[in-house]
Amino acid sequence: MTPLIRGDVSFSPFIFLPPALLDMLGTSIMYIGLNLTYASSFQMLRGSVIIFTALLSVAFLGRSLHVREWIGMLTVVVGLTVVGASDFLFGQTGSSYPVNNIITGDLLIIMAQIIVATQMVYEEKYVVKNNVPALQAVGWEGVFGFSSLALLLIPMYYIRVGPPFGNGPNGNLEDPFDAFVQMQNNPLIIVATIGTIISIAFFNFAGISVTKELSATTRMVLDSVRTLIIWGISLAFQWQQFYYLQVIGFMVLVLGMCTYNNILPKSWQGCCGRCRGRETLPENEQPIPSGFGSSCIANVTPQLQESPRNPENTN
C-alpha cells in the first residue's frame with residue numbers, strides 16, 4: 001500500500017464534519033477581523049495559535065512538552081511579533097482605523113486562533129486514533145467544507161451589508177453571480193482560483209500528514225515558516241518594501257523553529273542542556289543512544305546489569 005493511502009479505511013466520514021466547520025468558522029472570523037484592524041496586528045496575533053495549540057494538546061491529548069519546546073514556541077511567537085511590528089512602525093503611513101474597530105478586529109483574530117487550535121487538536125486526536133489516511137482526511141474535509149459553504153451562499157446572497165464587508169455592486173454579503181461575471185471578464189481570476197485550490201489541497205495534505213506522524217503543535221510551528229516564504233516571494237516580485245526589522249524577526253523565527261525541533265548546533269545545545277528535556281543519568285550508567293535498535297539495547301542491558309551500583313562508592 002502506498003504512503004498516500006496507508007491507514008485504516010473503516011471509519012465514519014462524519015468525524016471530519018466538525019474540523020471542516022471549525023476551519024470555515026475560524027478562517028471567516030480571522031478575515032473579518034483583518035478588515036477591522038491593521039495587517040501587522042493580524043500577523044502578530046496569528047502567532048498565538050502555536051501557544052493555544054500547545055495548551056490544548058496538553059489539556060486534551062495528555063501531551064508533555066519539554067522546556068526546550070516551550071522556549072522554541074515562544075521564540076517563534078516573538079519572531080512573528082517582530083515581523084508584524086516592522087509593518088506597524090514603517091508601513092502604515094496614511095492608514096487609520098477607529099479604536100473600536102481595532103479592538104474588535106484584534107479580539108476576533110485571537111478568537112479565530114483558538115478555533116483553529118481546536119481544529120488542529122481535534123484532527124490529531126481522530127486521525128491518529130482511527131489511523132485515517134491523510135489523503136482521505138483532506139478529501140472528506142473538502143467535501144464537507146464545500147457542501148457547507150455552497151448551502152451558506154444562499155442566505156448570504158440575500159443579506160445586505162455595507163463596507164468593509166460588502167463592496168459588491170448590490171451590497172450583498174456574498175454574490176456568486178457577480179463572481180462568475182468577474183471570472184468571465186478576467187480569465188486570470190479563473191487561473192488564480194484553480195491555483196489556490198491546488199495549493200490549499202497540497203497544503204492541507206502536508207498539514208494532516210505532519211499532524212498524523214508528529215503532532216498538531218509541530219504542524220503549527222512549521223506553518224509559521226510560511227510567512228518567511230511569502231515575504232521572500234513578495235520581495236522578489238517587489239510587492240512590498242524591504243524593512244531590516246523583518247530580517248531580524250525571521251532570524252528569530254528560524255531560531256525558534258530550530259530550538260523546538262532540537263536541531264541547534266551542538267555547541268548551543270551544550271549551553272542549554274536543561275532545555276532539551278532529557279533526564280540526567282547516574283554517573284555509572286551509560287545512556288543508550290536513541291538511534292540504537294532492539295538488538296543494540298539487548299547487548300547494552302546485560303553490561304549494565306553486570307556492574308550494579310555500589311552504594312559505598314557513590315560518594
Side-chain angles (χ1 to χ4, degrees), residues 1-9 11 13 15-31 34 42-43 46-47 49-50 53 57 76 80 83 112-113 115-128 130-150 179 183 187-237 239-240 250 253-254 257-258 260-261 263:
M1 186 178 292
T2 64
L4 291 178
I5 58 175
R6 182 182 295 123
D8 188 4
V9 295
F11 61 89
I15 63 175
F16 292 106
L17 177 60
L21 297 178
L22 288 171
D23 186 15
M24 181 179 62
L25 181 62
T27 304
S28 301
I29 294 177
M30 192 186 312
Y31 288 107
L34 177 59
F42 173 80
Q43 179 63 52
R46 274 192 63 190
V49 69
I50 300 173
T53 304
S57 297
V76 169
L80 293 174
V83 173
Q113 304 317 304
I115 295 174
V116 172
T118 304
Q119 175 198 351
M120 297 299 108
V121 173
Y122 181 96
E123 287 179 346
E124 178 179 354
K125 179 178 177 62
Y126 285 95
V127 169
V128 174
N130 296 279
N131 192 24
V132 180
L135 201 60
Q136 275 200 310
V138 174
W140 281 114
E141 284 193 20
V143 169
F144 289 124
F146 176 82
S147 303
S148 302
L149 282 174
M183 285 189 284
L188 286 178
I189 297 179
I190 300 177
V191 176
T193 302
I194 295 174
T196 301
I197 293 172
I198 297 174
S199 173
I200 292 178
F202 280 101
F203 174 77
N204 287 340
F205 170 73
I208 292 289
S209 299
V210 171
T211 299
K212 183 178 179 181
E213 301 298 332
L214 299 174
S215 69
T217 307
T218 304
R219 174 182 178 179
M220 289 293 96
V221 172
L222 296 176
D223 179 70
S224 63
V225 185
R226 176 174 46 159
T227 308
L228 174 60
I229 300 174
I230 295 173
W231 175 70
I233 294 176
S234 298
L235 288 178
F237 286 94
W239 291 340
Q240 73 173 53
F250 284 122
L253 188 151
V254 173
M257 187 191 66
C258 293
Y260 178 87
N261 291 288
I263 54 176

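We count residues from 1, following the sequence as given.
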Exercise. Backbone N or O of Phe144 within a donor-acceptor pair of the Ser148 side chain at under 3.5 Å?
Worked result: yes
Exercise. Any sub-3.5 Å donor-acceptor pair from Gln119's side-chain atoms to Leu22's backbone N or O?
Worked result: no
Problem set entry | Shortest non-hydrogen separation from Ser57 to Val121 and the atoms involved | OG-CG2, 3.8 Å
Exercise. In Å and rounded to the nearest 0.5 Å, what is the CD1 to CD distance from Ile50 to Gln113?
Worked result: 10.0 Å
For this session: To the nearest 0.5 Å, tell me how far Leu253 CG sits from Leu228 CG.
Result: 7.0 Å
For this session: Determine whether Arg46 and Asp223 make a side-chain contact, defined as any pair of heavy atoms from C-beta on separated by less than 4.5 Å.
Result: yes
Exercise. Measuring from Met30:CE to Ile115:CD1, what's the distance to the nearest 0.5 Å?
Worked result: 9.0 Å
Problem set entry | Heavy-atom pair with the smallest gap, counting every atom of Val138 and Ala201 | CG1-O, 4.2 Å
Problem set entry | Leu80 versus Gly47, closest heavy-atom pair with distance | CD1-CA, 3.5 Å
Exercise. For Glu123 and Arg219, what are the C-alpha separation, side-chain angles and deciding distance, and is it a salt bridge (charged side-chain N to carboxylate O under 4.0 Å, His left out)?
Worked result: CA-CA 11 Å; Glu123 287 179 346; Arg219 174 182 178 179; 2.7 Å; yes
For this session: Can you see which heavy atom on Gly26 is nearest to which on Ala112, and at what distance?
Result: O-CB, 3.4 Å
For this session: Determine, stepwise, if the pair Val49 / Met120 fulfils side-chain contact (heavy atoms from CB on, under 4.5 Å).
Result: CA-CA 10 Å; Val49 69; Met120 297 299 108; 5.6 Å; no
Exercise. Should the pair Phe11 and Phe16 be assigned to parallel (<30°), tilted (30 to 60°) or perpendicular (>60°) ring geometry?
Worked result: perpendicular
Exercise. Quick one: CG on Asn204 to CG on Leu135, what's the gap to the nearest 0.5 Å?
Worked result: 11.5 Å
Exercise. Within a strict 4.5 Å, meaning less than it, do heavy atoms of the Thr211 and Val127 side chains meet?
Worked result: no
Problem set entry | Heavy-atom closest contact (Ala20 atom, Glu141 atom, distance) | CB-O, 3.6 Å
Seminar exercise, completed: The side chain to side chain contact (heavy atoms under 4.5 Å, CB included) partners of Ile194 (sequence neighbours excluded) come to Ile190, Ile198
For this session: Could you name each residue pair satisfying side-chain hydrogen bond (donor to acceptor under 3.5 Å, both in side chains) that touches residues 19-29, not counting sequence neighbours?
Result: Asp23-Thr27
For this session: State whether the side chain of Tyr260 and the backbone N or O of Leu222 hold a donor-acceptor pair below 3.5 Å, judged by distance alone.
Result: no
Exercise. Between the main-chain N or O of Val221 and the side-chain N or O of Ser224, is there a donor-acceptor pair closer than 3.5 Å?
Worked result: yes
